[in-house]
Amino acid sequence: MSAEAKATFLAKHPRCGLCARPSVQIDHDHVSHEVRGALCRRCNSRLGSLEAALRLPSGTFQSLAGDLHRALWRAGAVELEKYAEDFAYLGLTAEDYERRLRAVHERLVLPYVYWAPVTREATIRTREWTKIGPLCDDEEAERHRTRLVAGPAPRWVWVTREPDDGGNSPVPRALVVVADSTEGARELHQQLRGPVDMSRHEARDRAFAELVVPVLLSRPLTAEQFRGAHWLEREELPTTEKELRELLLRYGYMAGWLDLAVRIVLEDLAGALPSAAWAVPSRARWHWLELFAHWRDQRAPI
């Protein structure tokens with residue numbers, strides 16, 4: 001879909017098909033690639049994870065997908081009532097979804113234990129894992145986990161359930177049922193990594209204050225816009241511009257506020273964009289520094 005087609009589609013579907021917040025992304029079926037509608041960032045992420053739980057991953061399950069499968073592994077049951085609207089959007093009932101979820105879960109038949117020494121490496125794929133398995137059952141996996149966690153050497157110890165599909169992954173795959181470590185491993189890892197470099201975050205917050213906050217203060221916001229942008233639902237829309245400015249500067253850069261500001265700028269600039277491709281909010285967002293600087297320059301007195 002071209003940038004122009006995406007912009008037209010989002011203009012015709014300005015509200016998320018699930019929660020009615022401003023839509024920023026076009027949703028499509030990952031199998032047929034058919035466009036299903038427009039969603040906000042939160043709903044698109046949640047829906048993607050729900051769908052990911054219905055297929056075996058090449059790596060590990062995404063967070064929500066992993067939570068659903070871990071619930072089945074631990075208790076043999078999973079609570080799906082709160083996702084009823086999501087299932088309806090996908091054309092499924094809760095019963096349909098659970099049946100497909102269990103069909104995938106039943107393929108996770110092989111227990112493995114992985115361990116890796118604690119180093120500076122933070123990601124799953126860059127750690128040097130030693131793999132034990134496939135094991136007979138969860139009890140054998142638990143014996144290995146207990147032994148490795150009790151050892152003196154600092155290490156990560158993970159237990160997985162993986163499919164019997166002929167794969168031989170060198171790193172944890174599919175469902176991580178336990179992510180454990182020896183005593184003091186996390187503290188040692190932090191020491192090895194050294195102080196966290198906050199310079200990028202600080203620069204981003206400065207740019208947010210200088211470029212994004214003026215956009216958000218350039219027009220009165222509605223309560224609906226505030227709820228859609230702000231992550232803390234119990235807070236109410238400030239009644240004065242000063243209070244809103246203080247709130248924005250207190251929290252700093254947040255995705256929801258950036259999404260709203262992008263929409264305001266696109267409305268203000270109309271066709272006067274540095275690039276026609278930026279007419280799509282999701283694409284304009286990648287260039288927010290240049291976009292908001294352009295908005296500021298366009299509004300500056302000559």
Side-chain angles (χ1 to χ4, degrees), residues 1-28 30 33 35-45 47-48 197-222 224-231 237-238 241-242 244-302:
M1 184 180 287
S2 68
E4 292 76 12
K6 289 181 178 179
T8 300
F9 187 88
L10 289 173
K12 290 181 178 179
H13 303 82
R15 297 294 174 184
C16 173
L18 284 167
C19 71
R21 290 188 178 95
S23 59
V24 295
Q25 294 175 326
I26 296 176
D27 171 52
H28 65 278
H30 289 271
H33 302 291
V35 173
R36 294 185 297 211
L39 299 174
C40 71
R41 197 173 306 279
R42 296 180 194 177
C43 290
N44 190 58
S45 176
L47 205 69
D197 183 5
M198 297 298 292
S199 59
R200 289 181 59 189
H201 296 282
E202 292 168 354
R204 186 181 65 179
D205 281 341
R206 285 196 300 271
F208 181 84
E210 295 171 5
L211 297 173
V212 183
V213 170
V215 173
L216 296 168
L217 297 176
S218 67
R219 63 172 66 176
L221 300 182
T222 66
E224 183 182 10
Q225 288 175 318
F226 181 81
R227 286 194 300 271
H230 195 48
W231 67 277
L237 174 64
E241 179 179 313
K242 179 182 178 182
L244 178 58
R245 180 190 298 275
E246 290 174 350
L247 180 145
L248 293 169
L249 295 178
R250 181 167 71 249
Y251 288 111
Y253 175 96
M254 289 193 294
W257 284 116
L258 185 63
D259 288 339
L260 176 58
V262 165
R263 286 188 165 277
I264 292 174
V265 166
L266 293 183
E267 289 177 8
D268 284 353
L269 294 177
L273 293 171
S275 169
W278 295 5
V280 181
S282 58
R283 186 166 296 181
R285 195 178 187 280
W286 285 101
H287 306 277
W288 67 273
L289 290 170
E290 297 93 334
L291 179 67
F292 293 134
H294 180 69
W295 178 88
R296 177 195 60 198
D297 295 342
Q298 290 291 103
R299 290 170 61 92
I302 298 175

* **Euclidean distance, L18 CG relative to C40 SG, rounded to 0.5 Å** => 7.5 Å
* Using the test side-chain contact (heavy atoms from CB on, under 4.5 Å), find all partners of K242 that sit at least two apart in sequence or belong to another chain. => T240, E246
* To do: Mind listing the closest non-hydrogen atom pair of F226 and P238 along with its distance?
  => CE1-CD, 3.7 Å
* **Inter- and intrachain pairs under salt bridge (Lys or Arg N to Asp or Glu O under 4.0 Å), touching residues 269-278, at least two apart** => none
* How long is the gap from CZ on R42 to SG on C16, to the nearest 0.5 Å? -> 10.5 Å
* Looking only at non-hydrogen atoms, find the nearest pair between P281 and V262 and report the distance. => O-CG1, 3.9 Å
* Do the side chains of R299 and D268 get nearer than 4.5 Å, heavy atoms only? -> yes
* Below 4.5 Å, heavy atoms only, C-beta onward: do E267 and R219 meet side chain to side chain? -> yes
* Nearest 0.5 Å please: distance from the CG atom of L249 over to the CG atom of L244. => 9.0 Å
* Might you point out which heavy atoms bring V212 and A261 nearest each other, and give the distance in Å? => CG1-CB, 3.6 Å
* Structure fact -> The single option from L216, L260, L237 that satisfies side chain to side chain contact (heavy atoms under 4.5 Å, CB included) with Q225 is L260
* Structure fact -> Here the gap from R227 atom CZ to L221 atom CG, rounded to the nearest 0.5 Å, amounts to 12.5 Å
* Asked: Is any side-chain heavy atom of L266 closer than 4.5 Å to a side-chain heavy atom of L273?
  -> yes
* To do: For the pair D259 and R21, find out whether any cationic side-chain nitrogen is under 4.0 Å from an anionic carboxylate oxygen.
  => no
* **Heavy-atom donor-acceptor pair, H294 side chain to A272 backbone, under 3.5 Å** => yes
* To do: Search all heavy atoms of N44 against all heavy atoms of D27 and return the closest pair with its distance.
  => OD1-OD1, 4.1 Å
* Structure fact -> Heavy-atom nearest pair, S218 first then I264, reads OG-CG2, 4.2 Å
Return all side-chain donor-acceptor pairs below 3.5 angstrom for residues 199-210, not counting sequence neighbours, or 'none' if the list is empty.
| residue | atom | partner | partner atom | Å |
| --- | --- | --- | --- | --- |
| S199 | OG | D197 | OD1 | 2.7 |
| S199 | OG | D197 | OD2 | 3.3 |
| D205 | OD1 | Y253 | N | 3.0 |

* Asked: Can you name the nearest heavy-atom pair linking W257 to L247, along with the distance?
  -> CZ2-CD2, 4.2 Å
* Structure fact -> Distance col, row R285:CZ vs L258:CG, nearest 0.5 angstrom, shows 4.5 Å
